[in-house]
Amino acid sequence: QVQLVESGGGLVQAGGSLRLSCAASGRTYGTTGWAWFRQAPGKEREFVAAITWSGASTIWYANSVKGRFTISRDNAKNTVYLQLNSLKPEDTAVYYCAAGGRPGAQNPYQYDYWGQGTQVTISS
């Protein structure tokens, strides 16, 4: 089992920045695919970014966040980060960390482990 705890969400104005963290514990060894998803009220959970856990990082982004968001990892701290820059009101959502999927998978059903989510709200 892998436990994931997100933090770093909040309320910011459009154009602002946030840094989300996903701290992992438990049996992370062999869990190669890690990702961030988000879900806005009344909408389906959507892919944001993904990263491989070991070796040289391979990274994927949704087109809607490419150039604004950056995913990264710190293996020593068992933590995955999502830097959110140039935020827009349409980025408002609950952001979830996920693990256990095939590297780069963009379907939420392909991930085994999920955090509780952290709310990101962007005011215009």
Side-chain angles (χ1 to χ4, degrees):
Q1 290 289 327
V2 175
Q3 294 78 43
L4 305 174
V5 178
E6 302 99 332
S7 61
L11 170 64
V12 298
Q13 290 187 331
S17 298
L18 284 171
R19 188 193 195 200
L20 307 184
S21 299
C22 172
S25 60
R27 302 183 66 177
T28 59
Y29 179 81
T31 304
T32 55
W34 295 71
W36 286 93
F37 287 78
R38 66 186 181 185
Q39 189 166 17
K43 295 188 177 181
E44 294 185 349
R45 193 165 297 191
E46 66 170 352
F47 170 79
V48 175
I51 190 169
T52 50
W53 185 247
S54 59
S57 295
T58 304
I59 291 173
W60 298 260
Y61 292 106
N63 288 335
S64 59
V65 307
K66 201 171 293 185
R68 300 189 299 123
F69 292 7
T70 303
I71 190 171
S72 62
R73 70 176 202 235
D74 185 333
N75 293 77
K77 295 182 178 180
N78 270 359
T79 300
V80 176
Y81 302 98
L82 186 67
Q83 178 69 39
L84 290 66
N85 296 329
S86 303
L87 284 161
K88 305 175 182 180
E90 51 263 43
D91 294 318
T92 295
V94 178
Y95 283 69
Y96 296 92
C97 179
R102 173 181 57 81
Q106 300 187 15
N107 186 331
Y109 292 101
Q110 293 180 291
Y111 289 84
D112 297 322
Y113 307 107
W114 291 87
Q116 83 287 352
T118 185
Q119 177 70 48
V120 171
T121 304
I122 312 304
S123 63
S124 57

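These values consider heavy atoms only, across backbone and side chains, with no hydrogens, waters or symmetry-generated copies.
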By side-chain hydrogen bond (donor to acceptor under 3.5 Å, both in side chains), Glu90 pairs with (sequence neighbours left out) none

Residues passing the side-chain hydrogen bond (donor to acceptor under 3.5 Å, both in side chains) test with Ser17, sequence neighbours excluded, are Asn85

The complete set of salt bridge (charged side-chain N to carboxylate O under 4.0 Å, His left out) pairs with one or both residues in residues 62-77, sequence neighbours excluded, reads Arg68-Asp91

Quick note, disulfide bond (SG atoms under 2.5 Å apart) partners involving residues 19-73, not counting sequence neighbours, are Cys22-Cys97

Going by chain and number, the hydrophobic cluster around Leu87 (ILVMFWY, side chain to side chain under 4.5 Å) further includes Val2, Leu4, Val12, Leu18, Leu20, Trp34, Trp36, Val48, Ile51, Trp53, Ile59, Tyr61, Val65, Phe69, Ile71, Val80, Leu82, Leu84, Tyr95, Tyr113, Val120, Ile122

Other residues, nucleotides and ligands only: do more than 12 of their heavy atoms fall within 6.0 Å of CD on Gln116? yes

Taken in chain and number order and not counting sequence neighbours, the residues that satisfy side-chain hydrogen bond (donor to acceptor under 3.5 Å, both in side chains) with Ser25 are Gln3

Apart from Tyr109 itself, its cluster of hydrophobic side chains linked below 4.5 Å comprises none

The side chain to side chain contact (heavy atoms under 4.5 Å, CB included) partners of Gln13 (sequence neighbours excluded) come to Ser123

Contacts of Glu46 meeting side chain to side chain contact (heavy atoms under 4.5 Å, CB included) (sequence neighbours excluded), chain-then-number -> Arg38

Hits for side chain to side chain contact (heavy atoms under 4.5 Å, CB included) against Thr121, two or more places apart or cross-chain, chain-then-number order -> Leu11, Thr92, Gln119

| message | For the backbone of Thr58 and the side chain of Thr52, can you confirm whether one donor and one acceptor N or O come within less than 3.5 Å of each other? | response | yes

Do Arg27 and Gln1 make a side-chain contact, defined as non-hydrogen atoms from C-beta onward lying under 4.5 Å apart?
no

Heavy-atom nearest pair, Ala93 first then Ala40, reads CB-N, 3.8 Å

Item to check | Test item: Glu6 side-chain N/O and Gly117 main-chain N/O as donor-acceptor pair under 3.5 Å | outcome: yes

Students should find that the hydrophobic cluster of Val94, defined by side-chain heavy atoms under 4.5 Å apart, otherwise consists of Phe37, Phe47, Trp60, Tyr96, Tyr111, Trp114

